[in-house]
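Report on the structure given below.
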Amino acid sequence: MAPAECEATYKVLVLGDSNVGKTCIVHRYCDQTYYDTYISTIGIDFKQKIISLDGTPIKMQIWDTAGQERFRTLTTAYYRGAMGILLMYDVTNQESFNNLTYWLKNIEENASPDVIKVLAGNKCDAVSQRMVEQDMGQKLAENYDIPFYEVSCKQNINIDKIFLTLARHIREQRSYQQLTEREHYDSGQNGNITLDLKSRILEHTSLKEPWKCTC
């Protein structure tokens with residue numbers, strides 16, 4: 001499938017502390033490969049993948065960001081224009097979970113208020129090393145009203161699902177924005193708004209469904 005045939009390009013950032021598996025999840029999703037060795041990302045990198053979103057070709061442009069403190073100022077420059085954010089922690093690292101409040105605040109301060117967020121707890125296959133229980137991630141996600149999955153890059157658990165969730169929600173958000181813009185235009189022309197936009201968009205979206213983690 002050639003890039004020119006794609007209907008849209010969705011820019012997605014992968015955020016979280018160093019060594020939670022951000023680079024690993026990007027490679028697993030885009031290249032279907034798993035690297036068992038850890039190499040720290042220097043600054044920022046990105047990969048692209050063309051997917052079929054319910055029959056529509058979409059280009060996913062996925063930006064892999066460095067989690068180290070010294071690169072965080074650089075990372076914030078890439079928030080602009082991001083349509084989706086995959087926020088990650090490591091279920092075997094309590095500190096990476098505790099630091100999610102920092103990342104969520106950073107997103108609020110730098111990203112668009114309409115950006116789609118999904119929370120991922122990586123390394124769910126490491127049962128004996130687990131420090132963060134699944135219900136802790138679920139509760140945090142519910143507090144922020146965002147989807148949540150536990151994933152495993154090593155075992156390829158929920159990797160495709162989490163990016164497909166991001167893509168579908170980005171499409172739904174874009175559709176809602178386009179309807180809103182059209183209604184604003186029509187209201188300016190006709191003097192009134194005749195459609196309940198939110199009801200219309202919810203009739204054709206999974207956003208009204210409750211989110212549950214699967215692993």
Side-chain angles (χ1 to χ4, degrees), residues 12-42 44-47 49 60 62-72 75 82 84-108 111 115-169 206-207 209-215:
V12 174
L13 297 183
V14 184
L15 299 179
D17 280 7
S18 180
N19 202 24
V20 297
K22 298 187 298 298
T23 299
C24 197
I25 201 170
V26 173
H27 280 284
R28 170 61 86 176
Y29 180 63
C30 294
D31 303 329
Q32 298 300 308
T33 56
Y34 172 72
Y35 297 103
D36 202 22
T37 55
Y38 171 65
I39 301 176
S40 179
T41 300
I42 305 300
I44 196 161
D45 195 7
F46 83 95
K47 282 184 169 290
K49 180 173 182 175
M60 296 287 283
I62 304 168
W63 292 81
D64 172 22
T65 64
Q68 301 98 318
E69 184 71 35
R70 67 183 184 277
F71 293 122
R72 289 181 184 177
T75 300
I85 292 176
L86 176 57
L87 180 58
M88 294 182 65
Y89 68 95
D90 176 355
V91 302
T92 70
N93 184 334
Q94 181 69 47
E95 185 178 3
S96 72
F97 180 80
N98 296 342
N99 288 340
L100 290 175
T101 53
Y102 161 82
W103 290 108
L104 287 161
K105 182 179 179 182
N106 217 17
I107 292 169
E108 182 180 358
V115 71
I116 300 299
K117 300 182 289 293
V118 175
L119 179 63
N122 190 28
K123 305 181 187 178
C124 69
D125 59 297
V127 178
S128 64
Q129 298 170 281
R130 179 185 284 271
M131 298 181 67
V132 182
E133 295 303 322
Q134 180 174 309
D135 60 355
M136 294 172 65
Q138 186 73 54
K139 184 176 180 180
L140 181 70
E142 289 172 356
N143 287 343
Y144 285 90
D145 194 24
I146 58 178
F148 167 65
Y149 295 91
E150 286 198 338
V151 304
S152 169
C153 297
K154 185 175 183 179
Q155 299 296 329
N156 197 19
I157 298 171
N158 284 337
I159 304 300
D160 287 345
K161 183 179 290 186
I162 203 164
F163 282 101
L164 187 60
T165 296
L166 270 167
R168 282 192 171 133
H169 280 65
S206 60
L207 284 173
E209 297 296 329
W211 285 104
K212 295 181 180 178
C213 170
T214 57
C215 182

- Please answer whether the main-chain N or O of Asp17 pairs with a side-chain N or O of Ser96 as donor and acceptor at a distance below 3.5 Å. no

- Gln32 and Asn156, any side-chain heavy atoms less than 4.5 Å apart: yes

- Task: Would you please classify the geometry between the Tyr89 ring and the Phe97 ring as parallel, tilted or perpendicular, with 30° and 60° separating the classes?
- Result: perpendicular

- List in chain and number order the residues that pass side-chain hydrogen bond (donor to acceptor under 3.5 Å, both in side chains) with Asn122, two or more places apart in sequence or in another chain; answer none if no residue qualifies. none

- Least distance between heavy atoms, Ser152 atom then Asp125 atom: OG-OD1, 2.8 Å

- Item | Minimum heavy-atom distance Lys22-Gly16, with the two atoms named | NZ-O, 3.1 Å

- Please round to the nearest 0.5 Å and tell me the distance separating atom OG1 of Thr101 and atom OH of Tyr144. 6.5 Å

- Counting only heavy atoms not in Gln94, do more than 12 sit closer than 6.0 Å to its CD atom? yes

- Message: Could you go through Val118 and His169, starting from their C-alpha distance and side-chain angles, then the distance that decides it, and tell me whether this counts as side-chain contact (heavy atoms from CB on, under 4.5 Å)?
- Response: CA-CA 10 Å; Val118 175; His169 280 65; over 6 Å; no

- Short side-chain to backbone donor-acceptor contact, Lys117 and Leu87, under 3.5 Å: no

- Got a donor-acceptor contact below 3.5 angstrom from the Lys123 side chain to the Arg130 backbone? no

- Message: Rounded at 0.5 Å granularity, tell me how far CG in Asn106 sits from CG in Asn99.
- Response: 11.5 Å

- Task: For the residue pair Arg168 and Leu164, establish whether any side-chain heavy-atom pair is separated by less than 4.5 Å.
- Result: yes

- Task: Taking atom NZ of Lys139 as the centre, report whether more than 12 heavy atoms of other residues, nucleotides or ligands fall under 6.0 Å from it.
- Result: no

- Just how far is it from atom CG of Leu119 to atom CD1 of Ile146, taken to the nearest 0.5 Å? 5.0 Å

- Item | Nearest non-hydrogen partners of Val132 and Asp90, listed with the distance | CG2-O, 4.3 Å

- For the residue pair Met88 and Trp103, establish whether any side-chain heavy-atom pair is separated by less than 4.5 Å. no

- For the atom pair CD1 (Ile116) and CG (Leu166), what is the distance rounded to the nearest 0.5 Å? 8.0 Å

- Stepwise side-chain contact (heavy atoms from CB on, under 4.5 Å) check, Gln134 with Phe148: CA-CA 10 Å; Gln134 180 174 309; Phe148 167 65; 4.2 Å; yes

- Note on the structure: On a heavy-atom basis, the closest approach of Val12 and Leu86 is CG1-N, 4.4 Å

- Item | Closest heavy-atom pair and its distance - Cys153, Arg28 | O-NE, 2.8 Å

- Query: Taking atom CG of Leu100 and atom CD of Glu95, what is their separation to the nearest 0.5 Å?
  - Reply: 11.0 Å

- Item | Shortest non-hydrogen contact between Met60 and Tyr29, atoms and distance | CG-OH, 4.4 Å

- Message: Distance check, rounded to the nearest 0.5 Å: Tyr149 atom OH versus Gln138 atom CD?
- Response: 10.5 Å

